[in-house]
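What follows is a set of notes on a single structure, which appears directly below.
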Amino acid sequence: MIPDSIEAARRLLSWYDRHRRDLPWRAKPGETADPYRVWLSEIMLQQTTVPAAAPYFRNFTERWPAVRDLADAPLDDLLVAWAGLGYYARARNLHKCARAVVDRHGGRFPANEAALLELPGIGAYTAAAITAIAFDRKATVVDGNVERVIARIFAVEEPLPNAKPSLRRLAATLTPDFRPGDYAQAMMDLGATICTPRKPKCMLCPWAEYCEGRTAGIAETLPRKVAKAEKPTRRGVAYWLLNPDGSVLLRRRAEEGLLGGMAEVPSTSWGPELPGEAAVAAQQPLPARWRRLPGLVRHTFTHFHLELEVVAGQAGADWRLADGTWVPVDRLGDHALPSVMVKVVRHALSHA
DNA sequence: CAAGCGTGGTC
DNA sequence: TGACCAAGCTT
């Protein structure tokens with residue numbers, strides 16, 4: 001158990017000072033944090049690893065150095081820049097949030113949790129993180145790392161997500177009044193580098209002697225989680241359609257839902273079974289003779305597996321009638337293609 | 001409020 | 001190699 005939460009916080013901060021990681025969005029010691037950069041990094045890091053987010057962060061801050069720049073940019077420019085990072089609602093909310101900060105707050109992020117929570121794309125975790133890291137005000141930051149650290153320190157055996165309220169309460173009892181920003185980052189760094197999901201490095205942990213999970217020999221098994229449902233497989237056929245200029249037909253997906261607002265190679269609907277010839281003909285973007293390309297494009301989303309067969313066709317004189325945009329192959333990079341569609345494009349180019 | 005929402009890395 | 005995982009939010 002933790003006999004003295006102030007002493008525990010001091011120990012964690014001492015460890016943090018010695019092992020602070022140099023990350024692209026992190027202010028150097030003594031520097032003042034930029035709320036815009038803190039916000040942008042926190043949105044990018046939602047359910048996303050540091051190595052995946054880092055190049056996107058560099059690109060965004062170079063193109064849009066301040067929140068006003070982001071607010072003034074067209075949404076489509078953000079979507080193209082976000083393509084490949086996933087969870088595209090984040091990019092749409094990023095734009096909404098930038099506009100809200102400009103319109104409602106004069107271009108400055110509000111310095112309190114409640115006001116931050118009102119902004120699009122900012123939930124409990126992100127509001128607390130910005131409060132602590134950008135403004136150095138006390139806030140209890142609870143992300144997946146913190147949940148793991150707290151579950152182990154207090155040997156919480158109740159499975160997630162039920163345990164969330166308890167873990168939050170326990171985390172709050174440890175949050176000190178001093179160095180709020182450093183403490184928040186220290187907790188997350190501890191989870192990311194020492195108190196890792198597998199093979200935690202307890203020998204290096206500044207809190208090892210407090211850790212009830214370690215004492216009980218169950219630290220590595222925590223936090224417990226309820227088993228997730230198995231992912232179903234959905235199947236469809238994608239249409240690789242060229243016009244007489246050699247341009248490819250792309251469409252824009254609906255603004256809401258899966259891959260909302262992103263570009264796609266047109267396809268049949270995705271169902272349990274691969275669509276037959278009749279369905280392929282019924283849903284084709286233009287009448288064409290379709291040639292089946294060998295192999296399948298496989299992709300896994302959060303909640304289902306996808307298998308796409310790709311068919312190639314040549315549009316005739318009526319190609320202008322197609323619903324969508326004709327894009328020269330060497331300009332496909334200008335469009336907001338999610339990773340699954342990049343796979344389809346690569347598949348088509350290598351087999352067609 | 002459970003379910004929907006991406007992707008690339010890891011073991 | 002397939003399941004699991006990562007600095008969650010929205011509806």
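We name chains A, B, ... by the order of the sequence lines, and we start the count at 1 in each one.
- OP1 or OP2 of dA6(C) has at least one side-chain nitrogen or oxygen of R148(A) nearer than 4.0 Å.
- Listed pair H303(A) / dG4(B) fails the phosphate criterion, with no side-chain N or O lying under 4.0 Å from OP1 or OP2.
- Each side-chain hydrogen bond (donor to acceptor under 3.5 Å, both in side chains) pair with one or both residues in residues 314-333 of chain A, not counting sequence neighbours, appears once here: R331(A)-D334(A).
- The CE-C1' distance, from M341(A) to dT7(B), rounds to 14 Å in whole Å.
- Across the P atoms, dG6(B) and dT11(C) are found 14 Å apart, a figure rounded to whole Å.
- A distance of 7.0 Å separates OG1 of T61(A) from CG of L40(A), quoted to the nearest 0.5 Å.
- Between L160(A) atom CG and dA2(B) atom P the separation is 14 Å, expressed in whole Å.
- Distance alone, capped at 3.5 Å, is enough to place a donor-acceptor pair between the R253(A) side chain and the L258(A) backbone.
- Within a 6.0 Å radius of CD in E230(A), other residues, nucleotides and ligands contribute 12 heavy atoms or fewer.
- Distance CZ (F304(A)) to P (dA3(C)): 16 Å, rounded to an integer number of Å.
- Residue R224(A) qualifies as enclosed at atom CZ: its count of foreign heavy atoms under 6.0 Å is above 12.
- Taking the ring centroids of F60(A) and F57(A), they lie at or beyond the 6.0 Å cut-off.
- Contact annotation for R168(A): no contact, since no heavy-atom pair falls under 4.0 Å across all strands.
- If you take atom P in dA3(B) and the same atom in dT7(B), they sit 22 Å apart, rounded to whole Å.
- The nearest whole Å value for the distance from the CE atom in M44(A) to the P atom in dG6(B) is 16 Å.
- Along DNA chain B, the nucleotide nearest P338(A) and the nucleotide nearest N162(A) are compared for position; the residue whose nucleotide lies closer to the 5' end is N162(A).
- The environment of CD in E277(A) is sparse: at most 12 heavy-atom neighbours from other residues, nucleotides or ligands sit within 6.0 Å.
- In this structure, K231(A) reaches neither bases nor backbone, as no heavy-atom distance under 4.0 Å exists between it and the strands shown.
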Enumerate all atom pairs, one protein N or O and one N or O from nucleotides 8-11 of chain C, separated by less than 3.5 Å.
| from | atom 1 | to | atom 2 | distance (Å) |
| --- | --- | --- | --- | --- |
| dG8(C) | OP1 | G144(A) | N | 3.4 |
| dG8(C) | OP2 | Q47(A) | N | 2.5 |
| dG8(C) | OP2 | Q47(A) | NE2 | 2.9 |
| dG8(C) | O5' | Q47(A) | N | 3.4 |
| dC9(C) | OP1 | G123(A) | N | 2.9 |
| dC9(C) | OP1 | G123(A) | O | 3.4 |
| dC9(C) | OP1 | T126(A) | N | 3.0 |
| dC9(C) | OP1 | T126(A) | OG1 | 2.8 |
| dC9(C) | OP2 | Y125(A) | N | 3.4 |
| dT10(C) | OP1 | G121(A) | N | 2.6 |

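- For E230(A) and dA3(B), the CD to C1' distance is 17 Å, given to the nearest whole Å.
- As a whole-Å value, the separation of Y56(A) OH from dG6(B) P is 13 Å.
- Nucleic acid contact class of L306(A) (heavy atoms, under 4.0 Å, all strands): none.
- Residue contacts for R26(A): at a heavy-atom cut-off of 4.0 Å it reaches a base atom on one of the strands shown.
- For L258(A), taking side-chain heavy atoms from C-beta onward, the closest of the listed nucleotides dC5(B), dC5(C), dT7(B) is dC5(B).
- The neighbour count for I6(A) CD1, taken as heavy atoms of other residues, nucleotides or ligands under 6.0 Å away, does not exceed 12.
- As rounded to whole Å, 13 Å separates atom C1' of dT7(B) from atom CZ of R346(A).
- Taking the side chain as every heavy atom from C-beta outward, V327(A) and S247(A) never approach each other to under 4.5 Å.
- Two residues are said to be in side-chain contact when any heavy atoms from C-beta on lie closer than 4.5 Å; I133(A) and M188(A) meet this criterion.
- In this structure, CG of L259(A) is placed 9 Å from C1' of dC5(B), rounded to the nearest angstrom.
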Check the interface with nucleotides 8-11 of chain B: list each N/O to N/O pair with the protein under 3.5 Å, or write none.
| from | atom 1 | to | atom 2 | distance (Å) |
| --- | --- | --- | --- | --- |
| dG8(B) | OP1 | S339(A) | OG | 3.1 |

